[in-house]
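Quick notes on the structure that follows.
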Amino acid sequence: MTAHEHDQPDELLDATAIIARDLIRFDTTNWGEGRANSETEAAEYMAAHLRALELQPELIDSEPGRTSVVARVEGADRSKPALVVHGHLDVVPADPAEWTVDPFAGVIRDGMLWGRGAVDMKNMDAMIITALQEIIGSGRRPARDLVIAFFADEEAGGVLGSGHLVKHRPELFAGATEAISEVGGYSITLDGQRAYLLQTGEKSLVWAKLIARGRAAHGSRLVEDNAVTRLAEAVAKLGRQQWPIRLTATTDRLLHEVARLLGADPQEVGPDELAIATGTAAGFIRATLRTTTNPTVLSAGYKHNVIPERAEALIDIRTLPDGEDEALAQIREIVGDDIEVQVLHRDIGLETPFEGPLVDAVTSTLQRHDPGAQVLPYLLSGGTDNKALATLGIKGYGFAPLKLPPELDFPGMFHGVDERVPLDALTFGRQVLTDLLLSY
Ligand SMILES: [Zn+2]
């Protein structure tokens, strides 16, 4: 049975769903560490849609096959600073054996679009294109100039996508001061009330390698200086470390708003408890109250009866904005002097105040489409291409608007199994985005 048997005829599908489905069918898997499928076909597909709107997209290859697309849209008021509206074309790997459906078939089932990228972030890529189709196709213009960008390589830190472009082609973003993109704008349900999380900041990241060194020896010997044992101790300490809660302006505001909506007293209910009350978003939000140090990869040894001289572990460290150096110093103390800590990659954190004309426009647009909706700021535990754009002074927000049913664990599907998005949420998202771009 092929997955395509589940297709609905295109005429029954909304334009946004069709484009998101088409994008899922390009397998743009990015495994990281230099291994990735090409984004070129997906980029060509997006460029064709942009050209159909009489725009002039530019395709930029950082390396053969690693293609990003950028196009500029003239706004009604050209004196306003430009807004970057961006998405990424790559996705993380998906193991078909774990999925209910083929992750790259773009299956429509139970009123939802399923597939790798349905959540992160081919949904928003499709919303961006179809919002432009609504605006330009009806002879209108966005309120201000837009820089539309679809980046390669976001899932490996963006070095070959947004990172490449801000470094080598900064003129593409000339005049832009703000950006909107992924991992924000979706709704959660708090005590029966729908609230949308506008992402106004991102934690910093440090990807570190721990190295324990010892002396290679026969596995039968009495050895006190075993590299594997010492590494395992360090890994366990970091993995179990209870990092203290520290609120930033964003998380403080978020928790106050959550407490207000729940009718709770933030003096009485602790930050973790308030975060847990956000339901499906708690996994993201609890991680933004503190540093996290998650061991993710272990490697050591090559033979059952040989003690290796070296053992290594990768630790994914996420600190609050500007907390990288302090956390690294503490990590070195926790693991001790005989473990080497190598920093393989690090990137800045971001935090933007939850105020100003863009925040007002997002709030009023959402409330027009979903009367009574609350809009709350939140800090992202992960990172996005907004980090690269920040190096050009562009303030980035996560706003890919989706009105979701309360029972759907949307945050849990980022990089998860059975990624899926309701079809009506895609339509809602396009309509909100269209209105925002017309009015802001
Ligand atoms: Zn993403």
Side-chain angles (χ1 to χ4, degrees), residues 16 19-20 23-24 26-32 36-37 39 42-43 46 66-69 84-94 103-104 113-129 148-166 179-186 197-205 207 280-281 283-284 287-288 316 318 345 347-350 378-390 396-402 404 409-421 425-426 429 433:
T16 309
I19 291 184
L23 282 171
I24 287 169
F26 296 109
D27 178 355
T28 51
T29 297
N30 190 343
W31 288 268
N37 284 346
E39 291 97 351
M46 295 306 249
R66 308 307 306 276
T67 312
S68 300
V69 190
V84 183
V85 185
H86 63 102
H88 60 81
L89 296 172
D90 60 328
V91 293
V92 293
F104 298 102
L113 170 64
W114 298 58
R116 182 54 94 215
V119 168
D120 184 9
M121 66 171 291
K122 289 173 171 175
N123 54 352
M124 174 64 167
D125 294 339
M127 280 153 52
I128 295 170
I129 286 284
I148 304 297
F150 299 106
F151 295 117
D153 200 38
E154 194 275 341
E155 296 293 358
V159 176
L160 297 177
S162 59
H164 177 86
L165 291 185
V166 300
I180 56 172
S181 185
E182 61 173 334
V183 219
Y186 59 88
L197 295 174
L198 174 65
Q199 190 250 102
T200 55
E202 302 182 358
K203 285 175 89 179
S204 311
L205 74 89
W207 288 343
T280 56
F284 277 165
T288 64
D316 189 346
R318 310 289 178 134
H345 178 67
D347 209 338
I348 53 172
L350 309 170
Y378 93 113
L379 188 69
L380 184 63
S381 56
T384 73
D385 286 321
N386 279 333
K387 288 192 194 307
L389 293 172
Y397 298 84
F399 187 63
L402 292 169
L404 299 169
D409 181 6
F410 186 79
M413 290 192 286
F414 282 84
H415 300 193
V417 168
D418 285 343
E419 244 184 282
R420 60 199 185 279
V421 63
L426 290 174
L433 196 59

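Whatever order the structure lists them in is the order used to number ligands and atoms, beginning at 1.
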Of all N/O/S atoms in His88, which lies nearest to the Zn ion (ligand 1)?
-> NE2

Heavy-atom distance under 4.5 Å between the side chains of Leu165 and Ser68, does that happen here?
-> yes

side-chain hydrogen bond (donor to acceptor under 3.5 Å, both in side chains) partners for His415, two or more places apart = Asp120, Glu155

Separation between CG (Leu379) and CG (Leu197), nearest 0.5 Å, reads 11.5 Å

Any idea which N/O/S atom from Glu182 gets closest to the Zn ion (ligand 1)?
-> OE1

Does Glu155 put an N, O or S atom under 2.8 Å from the Zn ion (ligand 1)?
-> no

Can you name the N/O/S atom of Asp120 that is nearest the Zn ion (ligand 1)?
-> OD1

Please work out whether the ring planes of Tyr378 and Phe284 are parallel, tilted or perpendicular, with thresholds of 30° and 60°.
-> parallel

